[in-house]
**Q** 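Quick one: the structure is below, questions incoming.
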Amino acid sequence: IGLFFIFFKQKKISQSESINQLEIVKRNSKQSKIYHEFLDDYFSFSSISNAIEYFETKTNCLIKKQLVGGSGAKVLLIEFNKRLLVRKLTCSLNLSKFNFQIKWLNANKNLKFIPNIISTGNYDEVSYTDIEYINPSITFSEFINKNEVKTSEKIIFGIIKKLNLTIYKQKKIIYSEKILKKYVQDKVVKKIEKLFPLSIEIESLYKYKYLVINGKSFLNLSFCIDKIMSNTKIVKSLSTFNVSEIHGDLTLENILIKDRDFFLIDPNNENYISDKIIDYAKLYQSLNSGYEFLFQLKDVQINNNRISF
C-alpha cells in the first residue's frame, strides 16, 4: 500500500499556492467527489500559511523549524515566551481528527509517556495547539537505525507492556463481519481508488494480478483482499474484536525516544476497529514492511507491472 502512495507523492506540487487556485482549477459535475475533496484539502494549506505568518510577525512566536507532519496539519518547532514548544496547526477540513488528538492526549496526560498539551487556540479558520517539546529526542525509526536490534527489541516490548497496563483496558468482545468489511473498504480500497483520478500509474498498477517488485513477484492488493475475505476461518478471526482504547496510529514515526524512554504522539481515531491489534498491525507495518523507508524513496521506476527502487 505504501508503494501506491509513494508514486503519487512524487507528483505533488508545492503546497504554498494561494487558495485562489481553487477557483482556477476547473470543476464540473462529471468529476468525482473525491477529486473535489482532494482539491479542498490540498489548497487549505494557504489558510495555515496565513496563520503562520501572523504568529511570526504579530506575536511573540519565533518559528525555529518545520517538523514532519501529516493528515492536513503543519507541525512547527517554535519558541514562545523563551520556551520551546511544538505547535500543530490544522484547518476546518481536518478539525475532527485534530480535536480527537487533543482529547486523547488530555485524557491520558497523567501517563509519563504522553506529552503535555500547553495551550490551544484559533486564528481565523485555523486551529492550533502547543504541545510539550520532548528534547532531545528522535523518532523510533531513527533510533532503530542507530542502535543494536536487541536494544530496540527491549524498547518495543516495554512499549507493549506499558500500553497493556494503561491504555489497553478491555471493555468488551464483539463480533461483526460488517465492521471488518467496512474497515477494509474504507481504509484500504477506497484510499487507493481516491488516487485514480490523480495518477494513471496507480490505477494501472492496481489492475494487475501480480506485481514484480525488485525482481520478486507478489499477489496484488485487491487479489490479496479477495483471498482473505473468501476464507471463512480468517474472516471469523478478524471479525472478533477485543474493544478497548487504542493509540490508532502506532508507527515508528509516532514514537519518540529520549534516553531509552518513549513518548507517543499523534493518536488517530480514523479506525472503525478499536482493538489493540490495530496498534500491533501499525508496528508490524513499520518493522516488517518498512513503511518509513518506503515513504522516503525518491526514485521509483515503473514498467507495466514491474516496480524497482
Side-chain angles (χ1 to χ4, degrees), residues 1-3 5-6 9-10 12 15 63-79 83-90 94 97-98 100-102 104-105 108-109 111-118 128-163 166-168 246-271 276 278-298 309:
I1 298 173
L3 283 171
F5 286 92
I6 291 163
K9 183 186 71 170
Q10 294 178 344
K12 286 165 65 177
Q15 289 176 327
I63 298 171
K64 307 295 286 187
K65 66 177 179 179
Q66 181 171 317
L67 304 175
V68 176
S71 303
K74 283 283 187 182
V75 184
L76 307 171
L77 175 63
I78 67 167
E79 183 179 314
R83 181 180 181 182
L84 289 177
L85 299 169
V86 173
R87 176 163 290 182
K88 189 169 187 176
L89 309 95
T90 194
N94 303 291
K97 181 176 180 180
F98 180 79
F100 166 80
Q101 290 181 337
I102 294 175
W104 192 94
L105 292 171
N108 295 291
K109 62 183 179 182
L111 300 176
K112 292 182 178 180
F113 53 87
I114 302 299
N116 292 317
I117 289 182
I118 308 303
Y128 67 91
T129 184
D130 291 339
I131 305 171
E132 174 188 6
Y133 178 47
I134 309 301
N135 184 40
S137 67
I138 59 175
T139 66
F140 198 10
S141 178
E142 294 176 272
F143 182 89
I144 288 174
N145 290 329
K146 296 177 180 179
N147 291 272
E148 295 182 357
V149 173
K150 288 185 177 180
T151 304
S152 298
E153 284 181 346
K154 185 176 180 181
I155 291 177
I156 290 172
F157 290 128
I159 292 172
I160 293 173
K161 182 179 180 180
K162 282 191 178 181
L163 289 177
T166 55
I167 302 295
Y168 303 148
I246 61 173
H247 178 275
D249 196 17
L250 199 62
T251 64
L252 299 183
E253 291 296 300
N254 287 336
I255 302 172
L256 302 180
I257 304 296
K258 177 184 178 182
D259 300 329
R260 301 295 194 272
D261 292 325
F262 75 92
F263 297 85
L264 303 185
I265 60 173
D266 290 348
N268 186 348
N269 67 332
E270 296 177 347
N271 297 288
K276 62 184 179 182
I278 295 295
D279 282 354
Y280 293 168
K282 291 284 187 174
L283 276 176
Y284 193 78
Q285 171 185 271
S286 287
L287 296 168
N288 187 69
S289 302
Y291 171 80
E292 282 78 13
F293 164 74
L294 291 172
F295 197 75
Q296 293 179 36
L297 287 177
K298 295 182 179 179
F309 54 86

**Q** Do Asp266 and Asn268 pass the side chain to side chain contact (heavy atoms under 4.5 Å, CB included) test, and can you show the C-alpha distance, the side-chain angles, and the key distance before you say yes or no?
**A** CA-CA 6 Å; Asp266 290 348; Asn268 186 348; over 6 Å; no

**Q** Got a second to check how far Tyr128's OH is from Thr90's OG1, nearest 0.5 Å?
**A** 14.5 Å

**Q** Within a strict 4.5 Å, meaning less than it, do heavy atoms of the Ile155 and Ile144 side chains meet?
**A** no

**Q** Which residues satisfy the side-chain hydrogen bond (donor to acceptor under 3.5 Å, both in side chains) test with Ser141, sequence neighbours excluded?
**A**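 Applying side-chain hydrogen bond (donor to acceptor under 3.5 Å, both in side chains) to Ser141 gives none.
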
**Q** To the nearest 0.5 Å, what is the distance between CG on Leu294 and CD on Gln296?
**A** 10.0 Å

**Q** Suppose we screen for side chain to side chain contact (heavy atoms under 4.5 Å, CB included). Which residues come up paired with Ile265, at least two apart in sequence or across chains?
**A** Pro115, Asn254, Leu256

**Q** Tyr280 vs Tyr168 aromatic rings, parallel, tilted or perpendicular, using cut-offs 30° and 60°?
**A** perpendicular

**Q** Can you sort out the partners of Ser137 under side-chain hydrogen bond (donor to acceptor under 3.5 Å, both in side chains), two or more places apart, ordered by chain and number?
**A**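 Checked Ser137 against side-chain hydrogen bond (donor to acceptor under 3.5 Å, both in side chains); zero matches.
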
**Q** Quick one, Leu283 and Ile159 - any side-chain contact, counting heavy atoms below 4.5 Å?
**A** no

**Q** Does a side-chain heavy-atom distance below 4.5 Å link Leu163 with Leu264?
**A** yes

**Q** Going by side-chain hydrogen bond (donor to acceptor under 3.5 Å, both in side chains), Asp130 matches just one of Arg87, Lys88, Arg83. Which one?
**A** Arg87

**Q** Would you mind reporting whether Asn94 and Phe98 have side-chain heavy atoms less than 4.5 Å apart?
**A** no

**Q** About how many Å separate CG of Leu250 and CD1 of Ile167, when rounded to the nearest 0.5 Å?
**A** 10.5 Å

**Q** Which distance, rounded to the nearest 0.5 Å, do you find between the CD1 of Ile255 and the CD1 of Ile156?
**A**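 The CD1 atom of Ile255 sits 7.5 Å away from the CD1 atom of Ile156.
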
**Q** To the nearest 0.5 angstrom, please state how far the CG atom of Leu287 sits from the CD atom of Glu153.
**A**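 With rounding to 0.5 Å, CG (Leu287) is 9.5 Å from CD (Glu153).
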
**Q** Give me the atom names and distance for the closest heavy-atom approach of Leu85 to Ile118.
**A**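 Looking at all heavy atoms of both residues, the closest pair is CD2-CG1, 3.7 Å.
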
**Q** Run the numbers on Tyr291 and Leu252 for side chain to side chain contact (heavy atoms under 4.5 Å, CB included), then give the verdict.
**A** CA-CA 9 Å; Tyr291 171 80; Leu252 299 183; over 6 Å; no

**Q** Is there a side chain to side chain donor-acceptor pair (under 3.5 Å) between Glu142 and Thr139 once you walk through the steps?
**A** CA-CA 5 Å; Glu142 294 176 272; Thr139 66; 3.2 Å; yes

**Q** Quick one: do Glu132 and Leu105 satisfy side chain to side chain contact (heavy atoms under 4.5 Å, CB included)? Show the steps, please.
**A** CA-CA 11 Å; Glu132 174 188 6; Leu105 292 171; over 6 Å; no

**Q** Shortest non-hydrogen contact from Phe262 to Phe113?
**A**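 Distance-wise, the nearest heavy atoms are O-CB, 3.1 Å.
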
**Q** I would like to know whether Trp104 and Asn269 meet side chain to side chain contact (heavy atoms under 4.5 Å, CB included); could you show each step before the answer?
**A** CA-CA 9 Å; Trp104 192 94; Asn269 67 332; over 6 Å; no

**Q** Do the side chain of Asp249 and the main chain of Pro267 share a donor and acceptor less than 3.5 angstrom apart?
**A**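 Side chain of Asp249 to backbone of Pro267, a donor-acceptor pair under 3.5 Å: no, none is there.
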
**Q** Hey, what do you get for NZ (Lys282) to CG (Asn271), rounding to the nearest 0.5 Å?
**A**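 Atom-to-atom, Lys282:NZ and Asn271:CG are 6.5 Å apart.
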
**Q** Does any part of the side chain of Arg260, heavy atoms only, come nearer than 4.5 Å to the side chain of Asn147, both counted from C-beta?
**A** yes

**Q** Is there a donor-acceptor pair closer than 3.5 Å between any side-chain N or O of Lys109 and the backbone N or O of Ile114?
**A**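 Checking the backbone N and O of Ile114 against the side chain of Lys109, no donor-acceptor pair under 3.5 Å is found.
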
**Q** Can you find a pair of side-chain heavy atoms, one from Glu292 and one from Thr251, that are under 4.5 Å apart?
**A** yes

